[in-house]
Number of protein chains: 2
Amino acid sequence: MATEVPHATPKSAQTRQRILDAAAEVLSRKGYAGTRLADVAAVAGVQAPAIYYYFGSRDALVEEVMWVGAHLVRLHVEEVLAAVPEGTGHMDRLMVAVDAHLRFELQLSDYATASIRNAGHVPEQLRVRPAAEEALYSRLWRELFVAAQQAGEVRADLDTSMFRLLLLGAMNWVVEWWNPRTRSLDELVATAQAMVRQGAGAR
Amino acid sequence: MATEVPHATPKSAQTRQRILDAAAEVLSRKGYAGTRLADVAAVAGVQAPAIYYYFGSRDALVEEVMWVGAHLVRLHVEEVLAAVPEGTGHMDRLMVAVDAHLRFELQLSDYATASIRNAGHVPEQLRVRPAAEEALYSRLWRELFVAAQQAGEVRADLDTSMFRLLLLGAMNWVVEWWNPRTRSLDELVATAQAMVRQGAGAR
DNA sequence: GGCAGTTTCTAATAGAATTTAGAAACATGG
DNA sequence: CCATGTTTCTAAATTCTATTAGAAACTGCC
């Protein structure tokens with residue numbers, strides 16, 4: 001019964017991956033509502049029914065993209081943070097996380113973009129598994145902020161929980177307006193970091 | 001030919017309004033993909049085909065909600081800013097705008113929520129008219145920032161264009177996680193204002 | 001109370017997309 | 001080179017909504 005585990009052979013796994021990548025690409029560009037299986041199939045270089053050999057349904061495919069997206073973002077930021085030299089300040093660690101999140105979301109991964117853009121637009125049932133990943137990611141940021149606050153590098157009177165949600169929102173919303181042709185990614189990262197460190201106010 | 005202008009009588013205009021309100025409510029909650037005409041009709045207290053007496057198509061209805069949402073946000077913030085006492089500082093005017101935007105988006109208007117959440121998810125053709133409103137709104141914020149920077153209340157070396165987009169993103173994304181039961185709107189506003197004024201950094 | 005115009009409904013249609021059925025092509029090991 | 005299992009295709013069925021047709025109900029005015 002190949003239906004149960006059709007990913008055994010390398011060849012087959014490759015096609016499955018191609019379909020998943022195609023779905024991420026189309027989802028990141030057109031959103032949940034605009035994503036047709038025919039489009040995904042075209043990008044993957046197969047006919048639409050071939051998708052059903054690997055995924056139970058359109059929604060199962062979407063769910064996997066969403067999960068992978070959330071998962072990859074977290075892995076990436078964790079890895080980058082793990083590589084930060086011992087003894088780096090807490091605010092600087094926050095800056096690194098901002099940098100890693102933005103670059104990954106905008107440059108490296110259609111999965112991340114798809115996951116971010118469609119988080120609130122897919123049917124409830126598809127959010128369960130991705131939500132668990134997102135919760136882990138939230139925790140990562142919470143810990144960064146708590147540590148920074150305890151070390152006195154973030155103001156003691158700041159509601160870091162709210163601030164964190166606002167910051168992640170600012171970074172996530174970038175997918176809605178970002179155009180690499182007209183803006184510099186370095187500049188974006190620098191501005192987002194400045195927003196966290198010191199805001200816009202003079203002095 | 002009543003088909004052309006069915007909104008003449010007050011009674012009729014009322015039903016039309018009910019349908020539009022219902023569409024804003026459902027769109028703000030379920031998003032473009034999840035919005036069924038049958039749901040909209042149910043909320044408005046009519047049968048689905050009645051919608052066609054007032055709107056040419058599902059998309060025409062959606063487009064109107066999107067436009068009204070963008071329009072109302074701008075009007076509201078403009079009005080609030082117009083009421084600010086003469087001689088108020090530029091940074092304080094920014095704080096007022098942040099306050100007005102967030103409160104309107106979260107408390108006063110399903111239209112605003114619908115417009116924000118679905119801006120990037122409706123088909124291209126539906127974005128033209130709303131986009132014009134959004135451009136006017138962007139200009140409003142641009143002017144606030146430019147004035148504040150020229151007055152020296154915003155750091156001279158800040159890329160205010162980028163900062164503005166990040167700030168609006170942070171505020172817009174709030175619709176994705178906001179829960180009035182567990183969070184205080186006053187606290188949210190205060191934190192967003194702090195983000196603009198001084199960021200998270202200590203001193 | 002009847003009549004004209006407006007508004008809304010029930011029932012049917014249409015169209016688009018997902019999803020199945022089942023046949024063909026392909027790959028691989030004997 | 002055949003046999004077997006895997007992978008992909010074409011063609012068809014299903015499903016889900018938007019949309020249309022046309023009848024009924026309602027409203028206000030004479």
Side-chain angles (χ1 to χ4, degrees), chain A residues 1-23 26-27 29-66 118 121-126, chain B residues 1-23 26-27 29-66 118 121-126:
Chain A
M1 286 302 98
T3 316
E4 292 309 326
V5 186
H7 336 127
T9 78
K11 174 68 179 301
S12 174
Q14 226 175 334
T15 306
R16 184 191 142 93
Q17 192 61 45
R18 244 186 22 248
I19 291 172
L20 203 59
D21 289 352
V26 177
L27 273 169
R29 206 156 33 79
K30 302 212 184 186
Y32 179 74
T35 295
R36 305 272 116 76
L37 284 186
D39 301 341
V40 173
V43 172
V46 296
Q47 295 299 312
I51 293 172
Y52 287 84
Y53 186 71
Y54 299 99
F55 301 91
S57 67
R58 174 191 133 117
D59 278 356
L61 173 61
V62 171
E63 194 216 33
E64 177 127 356
V65 170
M66 302 290 289
N118 298 300
H121 289 265
V122 301
E124 288 291 347
Q125 31 178 8
L126 303 193
Chain B
M1 285 305 99
T3 315
E4 292 309 324
V5 187
H7 334 126
T9 79
K11 174 65 180 301
S12 173
Q14 224 176 334
T15 305
R16 184 191 143 92
Q17 191 62 44
R18 244 184 24 246
I19 292 172
L20 203 59
D21 289 351
V26 176
L27 273 169
R29 207 155 32 80
K30 302 212 184 186
Y32 179 74
T35 294
R36 306 272 117 73
L37 284 187
D39 300 341
V40 173
V43 172
V46 296
Q47 295 298 313
I51 293 172
Y52 287 83
Y53 187 71
Y54 298 99
F55 300 91
S57 67
R58 175 191 131 118
D59 277 356
L61 173 60
V62 171
E63 194 216 32
E64 176 128 356
V65 170
M66 302 291 289
N118 298 300
H121 288 265
V122 300
E124 289 292 347
Q125 29 177 8
L126 303 193

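Proteins come first, then strands; the chains are lettered A, B, ... in the order of their sequence lines, and each starts at number 1. Remember, predicted model here, so these are calculated numbers, not experimental data.
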Visitor: Taking protein heavy atoms under 4.0 Å as touching, what does nucleotides 10-21 of chain D look like 5' to 3' if B marks base contact, S marks sugar-phosphate-only contact and - marks none?
Guide: BB-----SSBB-
Visitor: Measure from CD1 on I51(A) to P on dT18(C) and round the result to the nearest Å.
Guide: 8 Å
Visitor: The criterion is side chain to side chain contact (heavy atoms under 4.5 Å, CB included); which residues satisfy it with Q125(A), sequence neighbours excluded?
Guide: D59(A), P123(A)
Visitor: Could you list the residues that satisfy side chain to side chain contact (heavy atoms under 4.5 Å, CB included) with R29(B), not counting sequence neighbours?
Guide: E25(B), V26(B)
Visitor: Does a nitrogen or oxygen in the side chain of T15(A) sit under 4.0 Å from OP1 or OP2 of dT7(D)?
Guide: no
Visitor: Does some side-chain heavy atom of I51(A) sit less than 4.5 Å from a side-chain heavy atom of L61(A)?
Guide: yes
Visitor: Does dT8(C) have its OP1 or OP2 closer than 4.0 Å to a side-chain nitrogen or oxygen of Y53(B)?
Guide: no
Visitor: Restricting to side-chain hydrogen bond (donor to acceptor under 3.5 Å, both in side chains), what partner residues turn up for D21(B), sequence neighbours left out?
Guide: Q17(B), Y111(B)
Visitor: Who passes side chain to side chain contact (heavy atoms under 4.5 Å, CB included) against E64(B), sequence neighbours left out?
Guide: R16(B), L20(B), F55(B), V68(B), R129(B)
Visitor: Between P on dT19(C) and CD1 on I19(A), what's the gap in Å once rounded to a whole number?
Guide: 14 Å
Visitor: Under the rule for side chain to side chain contact (heavy atoms under 4.5 Å, CB included), what residues qualify as partners of A50(B), not counting sequence neighbours?
Guide: V46(B)
Visitor: Taking atom C1' of dT18(C) as reference, at what distance in whole Å does atom OH of Y32(A) sit?
Guide: 11 Å
